[in-house]
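Whatever order the structure lists them in is the order used to number ligands and atoms, beginning at 1.
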Amino acid sequence: MSRTILPHLTALGLICVGTTLATAGVPAVVKPAKNIIVMIPDGMSIGGTTLARWLNGGDKPLAMDDLACGLVRTYPSDAIINDSAPAGTAFACGITAQTGNIGVYPDALNMPGLTQPKPNGVNNLSPAANIMEAARLQGRSTGLVVTCELPHATPADFAAHDPSRKNYDNIGEQEVYAGFDVMLGAGQKFFRADVRKDKEDLVAVIKANYELVQDTASMKASTAKKLWGFFEKPGETDLGYDLDRDPAKTPSISEMTEKAISTLSQNKKGFVLMVEGSLIDWAAHANDPVGITSDINAFDKAVAVAMNFAKKNNDTVVVVMTDHGNSGITIGNASTTSGYDTTPLKAVVEPLRSATRTAQGVTDLINADRSNIAEVAQQYYGVALTGEEIAKIKAAKDLPELRSRCQSVLGSRMATAAKLGFTTGGHTGEDVVFHAYDPHGTRPTGVIMNTDVARYLEKVLRTDLDAVTRRQFQLAVRAFTQKFASVRTDASQPGNPMLVVKKGSDEIRFAQNKNIALVNGKPVTLSGLVLFTGLAGGENWYVPADAVALVK
Ligand SMILES: [Zn+2]
């Protein structure tokens with residue numbers, strides 16, 4: 001009842017959705033907007049958010065605070081705690097996905113309250129369209145901004161389709177050919193011919209289609225409409241933590257967000273941008289409260305940039321929500337069981353403020369013979385290590401182990417000093433805060449499912465994700481044989497199978513993970529990706545409708 005009167009009241013400007021008129025969830029009527037900015041602080045538990053606010057002084061809100069309007073249930077199709085791959089798939093595609101999967105329908109669907117018909121019918125692990133694919137069909141521009149490697153789970157969810165988040169070869173290739181306008185992040189290595197199984201030089205493909213920038217100044221100076229950034233330090237595959245960043249070489253997440261918005265907003269039809277504060281999650285896995293809070297604050301500055309644009313532009317929806325909790329970080333721990341109500345603010349914030357680098361950032365200052373561990377821990381993290389702790393860190397067999405031992409020792413000392421608790425080094429399954437800005441007031445409220453986020457954004461875009469799935473991921477073998485063409489898979493090129501379609505004297509070849517058809521050897525650009533995925537034999541190829549139309 002209340003939902004039916006929403007459009008009328010909204011038109012009169014009388015409504016504040018989420019108070020008394022609307023029931024919880026996605027409003028039945030959502031007003032369209034031109035642009036969407038999706039912001040994901042990966043693995044951000046609310047304890048970390050509260051702590052980040054206190055570290056700013058506690059007297060002013062975070063940029064995201066103003067937008068808080070509900071809670072998100074985060075579980076995947078087959079477990080109580082989510083991983084980033086299905087968690088981001090829910091936000092991007094509006095489906096409940098399975099542990100490890102990127103943008104595909106689950107094989108197992110055994111959590112309560114889940115039913116989801118597959119628009120394509122027959123095949124588990126078949127692709128589900130994401131909001132980026134829907135937006136591009138409408139002529140909107142699309143972009144990704146992340147602080148990890150671009151083929152990592154969350155960006156992959158908004159760009160690719162694969163049963164395994166670990167399959168960087170497929171994911172990276174799909175990202176290159178998906179049709180994005182702006183891609184800012186890290187992980188050039190995974191696009192290199194010498195690293196990829198198929199030996200394709202995707203860096204060359206990127207350079208042919210985008211301006212490739214690799215430091216802050218070149219990013220800011222670029223006037224390219226198609227912009228790609230790899231900002232990792234040599235030997236790394238991610239941007240590193242904001243606190244440890246060299247601002248000349250590595251742009252901040254807010255600088256990347258600003259650049260992405262200014263580039264994408266040149267399209268009069270609008271844009272969809274996804275921004276991920278990727279390393280909040282990694283610091284949480286490491287139980288490093290300094291990394292968690294400093295990267296939350298860096299992410300929040302990017303929210304401020306997005307909100308600044310959204311408020312000026314008045315036609316942009318911004319949603320901010322993490323994909324799952326991580327680490328169980330709490331203000332208060334076993335030491336405050338007695339005395340929690342007399343713990344002063346400074347007991348918590350002062351130890352944290354004495355750190356000027358994250359625990360990983362401290363590790364990176366350890367010299368080759370590891371003789372300065374005590375000095376750098378004291379100087380940059382404010383912690384006086386014991387002899388035993390120094391010996392433990394020193395005995396690490398390689399750099400990854402040095403980092404993990406240093407993070408573990410320093411993080412644990414900081415947690416004790418600042419009276420913080422951690423319950424796990426993994427993700428957690430509680431609900432998370434949903435934040436949204438909708439200039440037209442029709443934002444979701446109450447306790448929603450993670451899939452509801454995409455279903456709301458689909459309404460904002462005036463699209464239909466299931467219809468886009470049916471259009472973009474047609475069962476190729478079936479579609480082509482119905483047109484009396486012969487179909488076979490050419491697996492002669494390792495890592496790059498091709499679908500070969502023949503009718504009469506015409507031959508069309510489709511390479512997996514690309515948006516290209518070779519019609520009698522001549523390239524034709526398709527509206528979306530050609531995919532090879534799924535469980536059912538013979539039904540594994542998916543092509544967009546315009547690929548099917550190439551066979552007369
Ligand atoms: Zn995550």
Side-chain angles (χ1 to χ4, degrees), residues 38-49 52 64 71-104 106 111 130-131 144-160 162 164-168 171 185-187 237-239 241-242 253 274-288 291-293 295-296 298-300 302-303 319-329 422-435 449-451 453-454:
V38 179
M39 309 194 72
I40 304 174
D42 203 294
M44 182 181 76
S45 293
I46 191 148
T49 320
M64 62 184 124
L71 295 173
V72 183
R73 300 183 72 185
T74 61
Y75 60 93
S77 73
D78 58 341
I80 192 170
I81 300 173
N82 218 335
D83 98 69
S84 296
T89 296
F91 294 154
C93 309
I95 65 161
T96 302
Q98 178 180 326
T99 298
N101 289 182
I102 300 286
V104 297
M111 287 294 283
N130 60 55
I131 55 163
L144 300 180
V145 167
V146 299
T147 57
C148 59
E149 61 263 32
L150 280 161
H152 204 264
T154 306
D157 287 323
F158 285 79
D162 197 277
S164 174
R165 59 178 288 172
K166 293 181 184 150
N167 201 340
Y168 276 21
I171 293 165
T237 56
D238 58 80
L239 264 66
Y241 293 104
D242 187 73
I253 186 169
M274 193 283 289
V275 178
E276 184 199 25
S278 319
L279 305 197
I280 297 167
D281 182 72
W282 301 11
H285 278 297
N287 286 4
D288 174 11
I292 293 172
T293 49
D295 254 43
I296 290 174
F299 172 82
D300 193 61
V303 176
V319 292
V320 185
M321 64 282 141
T322 188
D323 50 346
H324 49 74
N326 190 341
S327 80
I329 183 170
F422 287 108
T423 56
T424 175
H427 295 181
T428 55
E430 73 281 2
D431 300 343
V432 297
V433 179
F434 180 62
H435 312 76
M449 294 291 292
N450 48 9
T451 52
V453 175

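His427 and Asp281 share a donor-acceptor pair across their side chains, judged by distance under 3.5 Å alone. A side-chain donor-acceptor contact under 3.5 Å links Thr99 and Asp78.
The Zn ion (ligand 1) has Asp42 among its coordinating residues (N/O/S atom, backbone or side chain, under 2.8 Å). Checking Asp281 against the Zn ion (ligand 1), every N/O/S atom stays at or beyond the 2.8 Å cut-off. Residue contact annotation: His324 places an N/O/S atom under 2.8 Å from the Zn ion (ligand 1). At a cut-off of 2.8 Å, Thr154 is not counted among the residues with an N, O or S atom near the Zn ion (ligand 1).
A salt bridge is absent between Arg165 and Asp157: the closest approach of a Lys/Arg side-chain nitrogen to an acidic carboxylate oxygen does not fall below 4.0 angstrom.
The closest side-chain heavy-atom distance from Glu276 to Cys148 is below 4.5 Å. In this structure, Thr147 and Ile253 have side chains that are in contact, with non-hydrogen atoms separated by less than 4.5 Å.
For the Zn ion (ligand 1), the nearest N, O or S atom contributed by Asp323 is named OD2.
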